[in-house]
Amino acid sequence: MFMGEYQHSIDDKGRIIIPAKFRELLGTSFVATRGLDSCLFVYPMEEWGIMEQKLKSLSLMKSDARAFSRFFFSGATECVWDKQGRVNLPGNLRQYAKLDKDCVILGVSNRVEIWNKELWEQYFEQSEESFNEIAEKLVDFNFDL
């Protein structure tokens, strides 16, 4: 399971160091793609396979399902580590997530998220204000803390 928050920088060549704890769980190769809320989602190959199966089960007759699948898969790329434990993120993904210098790397259960630091701080601040309301809504899904 991925958890925690780490701050790193992305270099001029688009390389970023992923925390060692996360590298172990991601394995030798993994998938990075466009995520929700203007961040990148990073999945170990096993979890990527699960996501692929879930998306394959969506009806192609529904335009939202087609649109989401296109968005999610077209941005996906298989990544590998360099000798220094860095990963080179493709330009289209860096542009999508506005990754230019300071980044935040989050462990979120089955995936890693990579955020532009300013966007993460804005998102966190907005979400923090409504955290209690969000928690109350989760009760509707049989979720209790």
Side-chain angles (χ1 to χ4, degrees), residues 1-131 133-135 137-138 141-143 145:
M1 177 175 70
F2 297 100
M3 60 183 176
E5 178 179 327
Y6 303 87
Q7 298 197 14
H8 287 272
S9 296
I10 195 163
D11 69 15
D12 294 337
K13 295 180 182 178
R15 298 175 300 193
I16 189 168
I17 294 175
I18 303 293
K21 290 179 183 179
F22 292 174
R23 287 196 305 263
E24 291 173 22
L25 295 171
L26 286 169
T28 56
S29 68
F30 52 94
V31 175
T33 191
R34 294 180 196 103
L36 303 174
D37 304 311
S38 298
C39 73
L40 300 183
F41 286 177
V42 179
Y43 292 96
M45 286 303 206
E46 184 177 333
E47 286 293 331
W48 179 252
I50 293 168
M51 286 299 297
E52 181 183 12
Q53 291 305 312
K54 287 179 181 179
L55 289 172
K56 277 184 180 179
S57 71
L58 297 175
S59 172
L60 289 178
M61 301 306 289
K62 296 191 179 266
S63 64
D64 287 347
R66 291 191 310 271
F68 187 81
S69 290
R70 287 179 188 129
F71 175 82
F72 201 68
F73 285 110
S74 68
T77 187
E78 185 174 347
C79 299
V80 295
W81 308 109
D82 70 8
K83 293 177 184 174
Q84 286 76 36
R86 300 172 299 194
V87 62
N88 189 354
L89 297 171
N92 64 320
L93 294 182
R94 291 193 318 267
Q95 183 178 1
Y96 167 77
K98 297 173 181 59
L99 301 176
D100 51 11
K101 182 79 175 135
D102 295 327
C103 301
V104 177
I105 302 170
L106 306 174
V108 186
S109 184
N110 66 336
R111 71 179 180 275
V112 172
E113 294 183 357
I114 304 175
W115 286 76
N116 168 292
K117 183 180 177 187
E118 290 178 24
L119 291 178
W120 168 247
E121 289 172 350
Q122 291 170 9
Y123 178 85
F124 185 84
E125 186 177 310
Q126 292 168 355
S127 296
E128 188 176 36
E129 293 172 6
S130 59
F131 183 71
E133 293 172 28
I134 294 168
K137 290 177 184 176
L138 290 177
F141 297 107
N142 289 327
F143 182 82
L145 293 177

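Because the structure is predicted, anything quoted here is derived from the model rather than measured.
- The minimum heavy-atom distance between Val31 and Ala76, with the atom names listed, is CG1-CB, 4.0 Å.
- Residues Ile50 and Gln53 fail the side-chain proximity criterion, which asks for heavy atoms closer than 4.5 Å.
- A distance of 6.0 Å or more separates the ring centres of Trp120 and Tyr6.
- At a threshold of 4.5 Å between non-hydrogen side-chain atoms, the residues Met45 and Glu78 count as touching.
- A 4.5 Å side-chain heavy-atom check between Phe73 and Glu52 finds at least one atom pair inside the cut-off.
- Put simply, the side chain of Val104 does not reach to within 4.5 Å of the side chain of Glu113, judged on heavy atoms.
- Expressed to the nearest 0.5 Å, how far SG of Cys103 lies from CG of Leu119 amounts to 10.0 Å.
- Between Arg94 and Asp100 there is no side-chain heavy-atom pair separated by less than 4.5 Å.
- Contact of the Asp102 side chain with the Gln7 side chain is not registered, since no non-hydrogen atoms from C-beta on lie closer than 4.5 Å.
- Across Ile17, Ile16, Ile10, a single residue satisfies side-chain contact (heavy atoms from CB on, under 4.5 Å) together with Arg86, and that is Ile17.
- Heavy atoms only, all atoms of each residue included: Leu36 and Phe41 are closest at N-CZ, 3.4 Å.
- At distances below 3.5 Å, not a single donor-acceptor pair connects side-chain atoms of Arg111 with backbone N or O atoms of Tyr43.
- Classification of the Phe72-Trp48 ring pair by plane angle, with boundaries at 30° and 60°, yields parallel.
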Please step through side chain to side chain contact (heavy atoms under 4.5 Å, CB included) for the pair Ile114 and Leu89, ending with a clear verdict. CA-CA 10 Å; Ile114 304 175; Leu89 297 171; 4.2 Å; yes
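- Val87 has its side chain within reach of Phe30: a pair of non-hydrogen atoms, C-beta onward, lies under 4.5 Å apart.
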